[in-house]
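Reckoned from all heavy atoms, side chains included, excluding hydrogens, waters and symmetry mates. Along the sequence shown, residues carry numbers from 1.
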Amino acid sequence: MEKEYTLTVEQQAEVERQIAYLQRGVVEIVPEADFRKKIEKSVVTGKPLKIKLGMDPSAPDVHIGHTVVLHKLRQFQELGHEIQMLIGDFTGRIGDPTGKSETRKQLTDEEVKKNAETYVEQYGKILDMDKAKIYYNSEWLKPLTFEDVVKLAGNMTVARMLERDDFEKRYKSGQPISVHEFFYPLMQGYDSVALESDIEVGGTDQKFNLLMGRHLQEAYGKEKQVALTLPLIEGLDGERKMSKSLGNYIGIDEEPNEMFGKSMSIPDELMIKYYKLATDLSLEEIAQLEVGLKDGSVHPRDAKMNLGAKFVEMYHGEEAAQEARTYFETVFQKRALPTDIPETTWEGSSPVWIVDLLVDLNMLGSKGEARRMIQNGGVKINEEKVEDVQLQVEIGSGFVLQVGKRKFMKVNPK
């Protein structure tokens with residue numbers, strides 16, 4: 001980016017406004033000087049920047065952790081820049097090895113397509129998908145000849161690949177690394193070559209992949225993109241990165257009551273981080289909240305309830321947020337049964353084994369899961385804990401069956 005631009009006072013003010021806005025919550029911008037130059041170029045020419053987000057469609061459930069990057073893309077969108085939603089339908093067959101201790105299972109074309117559709121639908125809860133441009137990298141990766149692939153691979157050394165933390169750990173511990181896994185960052189970088197991206201965003205764990213795009217753009221004679229990394233949110237356990245596989249997540253497609261209830265499990269020390277990275281509250285409002293928590297004028301429980309309500313409002317609407325708050329206050333703070341318990345009529349025989357009852361009513365997914373839930377004290381009948389896994393339940397005149405803290409069912413006789 002050799003060209004220098006002469007800015008008017010108004011243009012300079014706009015550059016500073018955009019930079020200040022876009023730097024919120026960012027961990028690192030590599031390099032910052034190029035970031036400024038790209039913003040200046042956009043302001044002077046009136047041409048929007050191309051902002052890339054790569055998606056590996058291997059897990060279709062979007063959670064709060066994913067939304068950190070999506071909120072940043074929304075900010076770019078609000079400033080008039082172009083969002084490139086890159087769905088790795090080709091790279092998804094390999095799977096991103098980032099943070100993995102073993103080779104990933106390859107996905108079928110059908111699995112990739114189904115997951116990609118789910119991503120687009122859920123991302124639309126935050127982004128204006130009508131304005132975003134969606135790309136599939138099979139469009140340019142599939143036609144590459146073997147000669148093209150050899151040329152691509154020639155732009156990176158094995159030593160550089162082994163600088164990646166996950167590859168380095170696996171190599172030193174003697175765990176296998178398949179050669180095709182080295183091609184994942186190469187292909188992701190080549191995506192930036194094909195799209196001529198100006199900026200690529202991702203979590204801090206994606207820094208190596210983002211910089212690969214910059215490296216390959218230079219190798220192919222393109223203007224180099226800027227890498228913008230965002231923090232990872234710890235999950236409900238307060239320790240590990242939010243992940244569905246770890247069960248420490250809040251899904252943006254979950255039911256309002258479930259979403260609100262899970263929010264109440266967020267560790268106190270992480271609340272402000274969640275507010276800053278996963279909500280649209282202003283920095284001023286969050287700063288006031290932080291002061292209130294420190295001086296005791298705001299109770300952590302109230303701040304957490306407001307956070308849960310905010311999440312529900314963002315993804316289900318204001319009315320659902322109020323109902324979820326009321327439900328939580330009724331069921332958990334007042335220890336009363338909710339008033340809107342779903343009902344069902346039991347058509348089977350009576351008595352019925354409690355495990356069969358839980359599975360047949362779809363309150364738990366398997367008999368093994370039902371046994372574990374009972375053994376852990378998570379099943380109640382009319383608010384009385386079920387302690388016997390072999391219990392035979394008389395349907396009688398009906399009863400309220402409860403699983404965990406948030407799942408209820410009124411069971412009536414036929």
Side-chain angles (χ1 to χ4, degrees), residues 21-22 24-25 48-92 96 107 109-139 188 191 195 197-203 206 228 230 232-233 242-244 249-260 262-263 274-281 307-324:
Y21 186 45
L22 295 170
R24 171 181 171 175
L49 296 175
K50 297 176 181 178
I51 316 300
K52 172 191 167 192
L53 173 67
M55 296 175 287
D56 174 11
S58 58
D61 293 311
V62 178
H63 56 61
I64 294 298
H66 294 128
T67 68
V68 177
V69 171
L70 297 181
H71 285 301
K72 183 56 59 182
L73 290 181
R74 182 176 177 175
Q75 291 176 352
F76 276 108
Q77 210 171 42
E78 288 170 357
L79 294 172
H81 299 298
E82 177 186 301
I83 305 303
Q84 299 176 320
M85 307 293 289
L86 189 281
I87 295 174
D89 61 328
F90 195 88
T91 43
D96 184 1
L107 301 174
D109 288 345
E110 186 177 345
E111 288 172 328
V112 169
K113 184 178 179 182
K114 182 179 179 182
N115 291 350
E117 289 172 352
T118 307
Y119 267 122
V120 171
E121 179 184 343
Q122 293 183 24
Y123 281 16
K125 291 176 179 283
I126 297 173
L127 298 171
D128 184 345
M129 295 304 292
D130 291 333
K131 292 181 179 179
K133 293 192 176 180
I134 300 170
Y135 301 89
Y136 293 82
N137 64 6
S138 59
E139 181 183 337
Q188 182 167 329
D191 291 341
L195 292 173
S197 306
D198 290 301
I199 296 172
E200 184 170 7
V201 299
Q206 291 292 318
L228 191 153
L230 292 151
L232 305 175
I233 286 188
M242 186 176 286
S243 165
K244 188 182 180 191
Y249 73 104
I250 303 173
I252 69 171
D253 251 9
E254 290 190 280
E255 291 298 317
N257 291 343
E258 186 75 7
M259 181 178 283
F260 191 99
K262 281 187 173 183
S263 299
Y274 273 72
Y275 268 109
K276 284 181 178 178
L277 299 177
T279 76
D280 53 7
L281 258 66
L307 180 58
K310 186 64 180 175
F311 284 149
V312 177
E313 179 188 332
M314 289 169 68
Y315 302 109
H316 295 285
E318 193 173 339
E319 184 178 347
Q322 184 56 51
E323 290 175 355

Value rounded to 0.5 Å, distance of CZ in F260 from CD1 in I250: 11.0 Å

Partner residues of Y123 under the ring pair (Phe, Tyr, Trp, His ring centres under 6.0 Å) criterion, sequence neighbours left out: Y119

For K310, all residues meeting side chain to side chain donor-acceptor pair (under 3.5 Å), sequence neighbours excluded: D280

Residues that K50 engages under side chain to side chain donor-acceptor pair (under 3.5 Å), provided they are two or more places apart: none

With D198 via salt bridge (charged side-chain N to carboxylate O under 4.0 Å, His left out) - residues at least two apart: K38

Residues in salt bridge (charged side-chain N to carboxylate O under 4.0 Å, His left out) contact with E258, at least two apart in sequence or another chain: R406

Partners meeting side chain to side chain donor-acceptor pair (under 3.5 Å) with K125 (sequence neighbours left out): D253

Pairs involving residues 75-86, ordered by first then second residue, that meet salt bridge (charged side-chain N to carboxylate O under 4.0 Å, His left out) (sequence neighbours left out): R74-E78, E82-K133

Donor-acceptor pair, side chain of Q77 and main chain of D128, under 3.5 angstrom: yes

All side chain to side chain contact (heavy atoms under 4.5 Å, CB included) counterparts of H63, not counting sequence neighbours: H66, M242, Y249

Pairing residues for T67 by the side chain to side chain contact (heavy atoms under 4.5 Å, CB included) criterion, not counting sequence neighbours: I64, H71, I126, I252, A278, Y315

All side chain to side chain donor-acceptor pair (under 3.5 Å) counterparts of S197, not counting sequence neighbours: Q84

All side chain to side chain contact (heavy atoms under 4.5 Å, CB included) counterparts of Q322, not counting sequence neighbours: R325, T326

Contacts of E323 that satisfy side chain to side chain contact (heavy atoms under 4.5 Å, CB included) - sequence neighbours left out: E319

Backbone N/O of E254 and side chain of H316: donor-acceptor pair under 3.5 Å: yes

